[in-house]
Amino acid sequence: MDIDGILGNRDSKLGKSSIPTRRQWVKRRETWLVILGVILHAVYMLSIFDIYFKTPIVHGMDLVSPRFSPPAKRLVLLVADGLRADKFFEPDLEGNFRAPFLRNVIKNQGRWGVSHARPPTESRPGHVAIIAGFYEDPSAVTKGWKANPVEFDSVFNRSRHTISYGSPDIVPIFCGALAHSTWATYPHEFEDFATDASFLDEWSFDQFQSLLNRSNEDPKLKRLLEQDNLVVFLHLLGCDSNGHAHRPFSSIYLNNVKVVDHIAERVYNLLENYYKDNRTSYIFTADHGMSDKGSHGDGHPSNTDTPLVVWGAGVKHPRPVTAKDHSDHVLRFIDQHLHDAPTPKEWDLDGIERVDVNQADIAPLMSTLLGLPCPVNSVGNLPLGYVDMKEEEEVEAVLANTKQILNQFLRKSQIKQSHSLFFKPFKPLASYSSMLDQIEELLSARDYKAAMQLSENLRSLALEGLHYFQTYDLLMLMATITLGYIGWMVFLVLHVLQAYTLLPGDIFRKEEAVREKSNTGKAQLCGCLFMAVVSVLLFLERSPPLYHAYFAMTIFLWTQILNEYKFIKALWRYLRGRKSDYVIKLLALGVVSVIILELLVHSFTERKLYTWCFLIVGAIASMYLYKSIPWRSGIPVFVCLTCWFLSLFTLMPAEIPDNNKLVNASGVMVIVIGLTGKWLDLKAGVNRFWFGICNHEKRKPRFPMLFQLQALFVGLSSVMVFLSTSHRTEKQELHTIHQLMNWFIAGFSMILPLFSENGLLSRLNSIFLGFAPPFLLLSIGYEAVFYGALGLVLIAWILYENSLLYVHKVNKSSASGKNLGEHAFLENDTRYLQLSDMRIPLTFVSHLSLSVLLFFRISFKELIAIGSLCYSYLGVSVDYDMYSTWMVLFNVAFFGTGNFASIASFEISSVYRFITVFSVKNTGSWMEIGNSISHFGIMSAQVVFVLLLFALTNIYTKDIEIKSGSRDSQKVM
């Protein structure tokens, strides 16, 4: 029999007695593959910590004491959490500026600029950069950005005493273990997102004012406050909380800008009247900004651009802008924004010199103003545009900054050299000691300009050296992980070829004989020996335990592949013996798969690709159906319209605007769709194209009122959306009874589908209604409509596949025996892969390759969308051909209402109907440090997530009965 593809009835050639044994082998092997896959992706996901997120902190460096007199005795640091630069500098609609006091400082007393934060733009990383001078230890993400996984130095550590008031999530990070500190925080319960949070800022100021008042009656406290090297830190959380709750365009957020400006004015007046010595420096800034939709974390300018205003002792006064101030357009800040970016006209500050800095530069600025050693882990560059010092002192300050960074480099070099068997030094700093000597000679000769230039050059080289050792193992680890992913793909391909394809009988029998005689122990022995050698080398270099895991996983996979050497060789001989058109066909399928994958990759950042996808697919699918089934069935039109309807959502903004009327209307739409589905299930079974999915049994339902109950829950969820939103709009706390009702509706509604009828359309309709209430309660705008549109497309695709199945069976029944041979079927309609199916495993294997490129981001409501998608689609997928379409739909469930690659995607207002008081946990946004890293984690987690959804799908769909034209069959996942 001439069969196009790797076909031939393997089971028939092996004999019927061997079929159960073979199926048991496949089941055991795939169970093992699932376990291996979960472990592999979990281990390889951890590799991003070793490749990109290795802690920058090292210990053992000496402090560098400055050789100049401190210009200030004390310093006040005011951090307005979540204050974005444009809202601070721009005027309101009436032309009045929101921060009049600080604008007066900018124009008459001090210097100003924009402080550029580096992603992750979160509260803890921002404060660490400001106070400690380095960009966050990424291992802190595992502790919610709250605890210190590795202790680090800070300006507070170097101070004689630090006074701090503010949030319980920030102040204890820096003062909790600091003996020479006085601090207090408000309770977590104060952080209620349903209220105006500006009172939190007032609380911090009131605590500090109370401290100063008490000092008039407490001589000990008075002496403490009169010490030099005193730091006062007020953490003002109001803007962050109000930005999350009400968005940065709201009147509440904008009024909070006025509140922090007024606090800055009162702090200044309070201290100037208290000390009366003009020896206090003041710094006002923010840790991060706020996106238009009330979130932060990524590298958008609204999140990275924060205001910086510095004035007081040791700070230069304002200076008019000159032409030479805008000569450098090449250098970029840490957030990749150009130096000397034009100042917006509406700020009305374009005539005053603007000095932008990287956020980590603020730490050496504070140290210099107080005459303290820079924090030993700082990587900030002293911004000379702010300090008012003599030329000699400026050089000494920059030299101290340089030596402190150089000490870090030397320590990292020493540590790496002591552990490495084949150490590669950083050559540009091989003669660093002679450069230091030359700087000292220039200082002695009073050639300050040359000494400054050489000091800055040495500092730049030291920073490059730090990066060199920070990424010292990057190439080795990336090569190992990449080989591991490739090995996993190849291993899966071999499994699919062995378990789900049929080689021609003669080749298969010959291959089995060869495999029985071959000694696979040689490959295992070689793999073990190689792993032993690698482990010894890693142990001698004192590599982290995960290094051993990466190498072990990669070597194990390739050892298993080598075990299949004979099979691979026989397969290669078989393919070489095929006709050229067969190979060309195979290559063409591979090229098409790669193109589809490239589109999927680009869709991570270009959501509009899905619009074109569904526009084209809707048209092509309907035209294809038109040639196969009559238009009067309504299916071709339905498929086209639903695809086009869904295509609209990826044109809408990822930052979802509030529209609660649309959410309520979506509840009505869901009920209408449910009613239509119920009617079709009862009436449309006579249509042969609907026959396979409709309920044909006239038996009495197990729960006759289930549909009405589910519709009632959808209606109740819409009512609760209205009630909960109205309370928040009026700045009222959400009543406990409302919260309990929301939790009950969301939880109970998801259980009800388990009690629905086991007809296909009946169950899908029940699942659709069951997951609608939690989705509506978590929605704030058009994404509620997206849920209905997604459900319609899923039903349309099932109808499409059902229609093709019907047409296929009609054609099959009239086909000749020769044509029947083109499909290899076993019992229960299970078939092996054909050449036409090769696009499926190729797409799947290539899709896994995205793991090398592609980070995990799921907002809760999108998780519900994906869950309902999988429950209503995966549970009824019985053919390999559905995988490609499911993969697109799976991604659309993510992309439909948000940008998959944007880490600042979690909409905190989505959960107000369930809870309003949070411990502010800023987790997840560290992924945005690199988009490619983000995508890598997204796909690694998605592969594991899919397996979990398959298991969950089984609970909802295992008893669905799928009808066919000839007989009934029960589908079990």
Side-chain angles (χ1 to χ4, degrees), residues 28-55 138-139 142 415-416 418-423 470-496 498 518-565 567-568 845 848-856 933 936-937 939-948:
R28 288 195 305 267
R29 185 179 177 88
E30 290 186 346
T31 301
W32 177 79
L33 278 174
V34 168
I35 296 173
L36 177 64
V38 172
I39 295 174
L40 178 140
H41 286 87
V43 170
Y44 283 174
M45 273 194 71
L46 293 175
S47 67
I48 59 177
F49 284 99
D50 289 315
I51 295 175
Y52 297 101
F53 299 142
K54 187 180 295 184
T55 176
S139 57
T142 61
I415 293 173
K416 181 56 66 176
S418 64
H419 293 171
S420 299
L421 297 176
F422 311 100
F423 178 69
Q470 189 72 15
T471 59
Y472 190 85
D473 297 327
L474 184 143
L475 183 61
M476 175 192 70
L477 291 176
M478 289 191 69
T480 302
I481 301 301
T482 302
L483 284 174
Y485 275 115
I486 294 173
W488 173 245
M489 294 180 234
V490 174
F491 193 39
L492 288 179
V493 169
L494 293 178
H495 170 71
V496 171
Q498 291 173 338
S518 64
N519 183 8
T520 59
K522 292 182 180 179
Q524 299 285 357
L525 178 61
C526 291
C528 291
L529 290 175
F530 184 53
M531 185 63 235
V533 172
V534 171
S535 296
V536 170
L537 291 175
L538 292 175
F539 179 78
L540 292 175
E541 290 200 344
R542 302 180 189 176
S543 298
L546 278 175
Y547 281 32
H548 295 262
Y550 306 146
F551 278 94
M553 191 70 70
T554 301
I555 293 172
F556 172 79
L557 287 170
W558 284 100
T559 300
Q560 298 303 311
I561 293 170
L562 289 177
N563 277 340
E564 307 294 339
Y565 168 73
F567 175 80
I568 297 171
V845 171
L848 285 178
S849 69
L850 293 176
S851 297
V852 183
L853 304 172
L854 305 175
F855 198 85
F856 191 62
I933 305 169
F936 163 81
M939 284 312 308
S940 295
Q942 192 181 83
V943 170
V944 178
F945 186 58
V946 167
L947 295 176
L948 297 177

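Computed over heavy atoms, backbone and side chain alike; hydrogens, waters and symmetry mates excluded. For clarity, every value in this text was computed on a predicted model and none was experimentally measured.
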Aromatic ring pairing Tyr472/Phe423, orientation class (parallel under 30°, perpendicular over 60°, tilted between): parallel
CG on Leu40 to CD1 on Ile35, rounded to 0.5 Å: 13.5 Å
Any side-chain heavy-atom pair of His41 and Tyr485 under 4.5 Å: yes
Side-chain donor-acceptor pair present, Tyr44, Thr554, cut-off under 3.5 Å: yes
Spatial distance of atom NZ (Lys522) from atom CG (Asn563) [nearest 0.5 Å]: 12.5 Å
Pairwise distance CD1(Ile486) to CG(Leu557) - rounded to 0.5 angstrom: 11.5 Å
Ser535 side chain vs Met531 backbone, donor-acceptor pair below 3.5 Å: yes
Neighbour count >12 (heavy atoms, 6.0 Å) for atom CG, Leu475: no
Salt bridge (charged side-chain N to carboxylate O under 4.0 Å, His left out) involving Asp473 - partner list, sequence neighbours excluded: Lys54, Lys416
Spacing of OG1 belonging to Thr480 relative to CG belonging to Asp50, to within rounding of 0.5 Å: 11.5 Å
Euclidean distance, Leu538 CG relative to Leu546 CG, rounded to 0.5 Å: 11.5 Å
Main-chain N/O of Ala479 paired to Thr482 side chain as donor or acceptor, under 3.5 Å: no
Close side-chain approach of Met553 and Trp488, heavy atoms under 4.5 Å: no
Heavy-atom side-chain contact between Thr559 and Phe530 under 4.5 Å: no
Spacing of Met478 atom CE and Tyr550 atom OH [to the nearest 0.5 Å]: 13.0 Å
Considering all heavy atoms, the nearest Ala523-Leu562 contact: CB-CB, 4.1 Å
Sub-4.5 Å side-chain heavy-atom contact between Phe551 and Met476: yes
Ile561 and Ile568: CA distance, side-chain angles, deciding distance, side chain to side chain contact (heavy atoms under 4.5 Å, CB included) verdict: CA-CA 9 Å; Ile561 293 170; Ile568 297 171; 4.1 Å; yes
Test item: Gln560 side-chain N/O and Phe491 main-chain N/O as donor-acceptor pair under 3.5 Å: no
